Amino acid sequence: MVNDKKVLYSGMQATGNLTIGNYLGALKNWITLNEEYECFFGVMDLHSITIRQQPADFRKRARNLLALYIAAGIDPVKNCIYYQSHVSAHAELGWILGCFTYMGELSRMTQFKDKAAKHSDNINAGLFTYPVLMAADILLYQTDYVPVGKDQQQHLEITRDIAQRFNSIYGDVFTIPEGYYGKRGAKVMSLQDPSKKMSKSDENPNGSIYLMDDADTVLRKCKRAVTDSDSEIRYSEDKPGVSNLLEIYSACTGKSIEESEKEFDGKGYGEFKPAVAEAVNSVLEPMHKEHERILKDKSYLDGIIKENNEKARYFANKTLRKVRKKVGFTDIPH
Ligand code: ATP
Ligand code: LTN
């Protein structure tokens, strides 16, 4: 508990460019959570280097992501938005927890298997211990809830196992976190292959709409989106392409799927696809403006980063001190 509120923690890696899948499925849902929870949202830059990064580009991308959190509507005063690498307690607790995690457990992680297959030239130890650092992220803030997608559920399970193992040896040190599956966000599929999730690491850029795409690019991608052989605009399992577009349209306009179907009743793709693009652009355009404004205002953004960094450090260090004591490290002289 912080300020009588339960704690909620999440974050994204600063790899690749965010898609509207990331926005509709995650970011958008984070905006209002601070009304009920004390929220921490990290830019997970330590995790990002499990894949090789080009330094200048990486630095820029991490700052862009932090600004994008704000541009998407997460209030940086009511929420703690910060860089993971600015709070050294993450790396320290990560090491400690690594000594309470078994090789066998980590070997079962499907994300490790997937990423190792994808980056077979760089299967580094960080990729293997990724879930331990994620456990440290979550446990440092005595987190109650973690909003994550299905792909991260296994990591949340191992976090709980590590926390319970530690607590059973040393007493109640960590809060045991739970997944947060509140109002379900849309699951957005690839525009080119609607059986696959839209993903920022997709090799085909036409499958994803990136949050930074301009209006013409969005229109072009929507027009090219794979649909079905008939021209009916109806939500149905046997029409995955159209259903995905309807899902995007309804999430961006706030209209229900039924309302959206009615709106395009008797109309063809020639009318529907540009309307989807317009709906997406009406969400992206104000976000672009806000993002640009925030990035330009260097002192504002630096101020936010500094303040939130201090806040994150305060809470993280509180837990780390407790852990150090429990493990039996000697006191650090002042
Ligand atoms: P990568 O392709 O690099 O693995 P990703 O695009 O799948 O990345 P993540 O960084 O794994 O995205 O996820 C960040 C958040 O966005 C998670 O909470 C995840 O559930 C959500 N998310 C990602 N893609 C989608 C999608 N297509 N639809 C809905 N939510 C999504
Ligand atoms: N692994 C997550 C990113 C992530 C995270 C976290 C999410 C790192 N640490 C802690 C929630 C809580 C991902 O790839 N989406």
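As the structure lists them, so they are numbered: ligands from 1, and atoms in each ligand from 1. What you see is a predicted model, and the numbers here were worked out from it, not measured in a lab.
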Show me which atoms of ligand 1 lie under 4.0 Å from any heavy atom of A26. 15 (C), 16 (O), 18 (O)
Nearest 0.5 Å, what's the NZ-CG distance between K60 and L295? 9.5 Å
Identify whether NZ of Lys or CZ of Arg in K273 sits under 6.0 Å from the centre of the six-membered ring of Y269 and within 45° of that ring's axis. yes
Pairs of nitrogen or oxygen atoms closer than 3.5 Å, one from Q13 and one from ligand 1: do any exist? no
Ignoring hydrogens and angles, state whether a donor on the side chain of Q84 or D137 is under 3.5 Å from an acceptor on the partner side chain. yes
Who pairs with Y9 by ring pair (Phe, Tyr, Trp, His ring centres under 6.0 Å), at least two apart in sequence or on another chain? Y141
Among all the protein's non-hydrogen atoms, which is closest to atom 9 (N) of ligand 2, and how far away is it? D137 OD2, 2.7 Å
Before signing off on this row, confirm whether M189 and ligand 1 have an N or O atom pair separated by under 3.5 Å. no
Under 3.5 Å, N or O to N or O, is S10 touching ligand 2 that way? no
So which heavy atom in the protein is nearest atom 7 (C) of ligand 2, and how far is it from that ligand atom? G11 O, 3.6 Å
I'd like to know whether the aromatic ring centres of F40 and F315 sit less than 6.0 Å apart in this structure. yes
Where's the contact between D151 and ligand 1, heavy-atom distance under 4.0 Å: side chain, backbone, both or neither? side chain
Atoms in ligand 2 with a heavy atom of H47 nearer than 4.0 Å: 8 (C), 9 (N)
Counting only nitrogen or oxygen atoms and a 3.5 angstrom limit, does Q111 reach ligand 2? no
Give the numbers and elements of all ligand 1 atoms closer than 4.0 Å to a heavy atom of S199. 1 (P), 2 (O), 6 (O)
Within ligand 1, which atoms have a heavy atom of G25 less than 4.0 Å away? 29 (C), 30 (N)
Would you confirm whether the ring centroid of Y145 sits within less than 6.0 angstrom of the ring centroid of Y37? yes
Does an N or O anywhere in V188 fall below 3.5 Å from an N or O of ligand 1? yes
Atoms of ligand 1 less than 4.0 Å from G149 heavy atoms? 18 (O), 20 (O)
Would you check the N or O atoms of K150, main chain and side chain alike, for any that come under 3.5 Å of an N or O of ligand 1? no
Should you measure from each heavy atom of I138, which atoms of ligand 2 turn up under 4.0 Å away? 10 (C), 12 (C)
For ligand 1, note which part of S201 has a heavy atom under 4.0 Å away: side chain, backbone, both or neither. both
Tell me which part of Q152 gets within contact of ligand 2: side chain, backbone, both or neither, using heavy atoms under 4.0 Å. side chain
Nearest 0.5 Å, what's the CD-CD distance between E263 and E271? 10.0 Å
Which of the numbered atoms in ligand 2 are under 4.0 angstrom from any heavy atom belonging to Q13? 14 (O)
For the atom pair OH (Y235) and CG (L246), what is the distance rounded to the nearest 0.5 Å? 8.0 Å
Any donor-acceptor N or O pair under 3.5 Å, side chains N204, D202: no
Given M44, Q153, K115, which has its nearest heavy atom closest to atom 4 (O) of ligand 1? K115
CE (M189) and CD (Q192) are apart, to the nearest 0.5 Å, by 13.5 Å
What part of L133, side chain from CB on, backbone N/CA/C/O, both or neither, has a heavy atom under 4.0 Å from ligand 2? neither
Could you tell me whether the side chain of D57 and the main chain of Q53 form a donor-acceptor pair under 3.5 Å? no
Check contact between T19 and ligand 1, using heavy atoms of the residue and a distance below 4.0 angstrom. no
Gap separating the NE2 atom of H291 from the CG atom of N64, nearest 0.5 angstrom: 4.5 Å
Working to the nearest 0.5 angstrom, can you tell me the gap between L127 CG and M109 CE? 13.0 Å
So, does K187 sit close enough to ligand 1 that a heavy atom of it is under 4.0 Å from the ligand? yes
Going by the order shown, which atoms of ligand 2 are within less than 4.0 Å of some heavy atom of Y130? 1 (N), 2 (C), 3 (C), 13 (C), 14 (O)
Show the numbers, then the answer: is there a salt bridge (charged side-chain N to carboxylate O under 4.0 Å, His left out) between R293 and E290? CA-CA 5 Å; R293 188 188 67 76; E290 188 61 2; 2.9 Å; yes
Short N or O distance, G21 and ligand 1, threshold 3.5 Å exclusive: yes
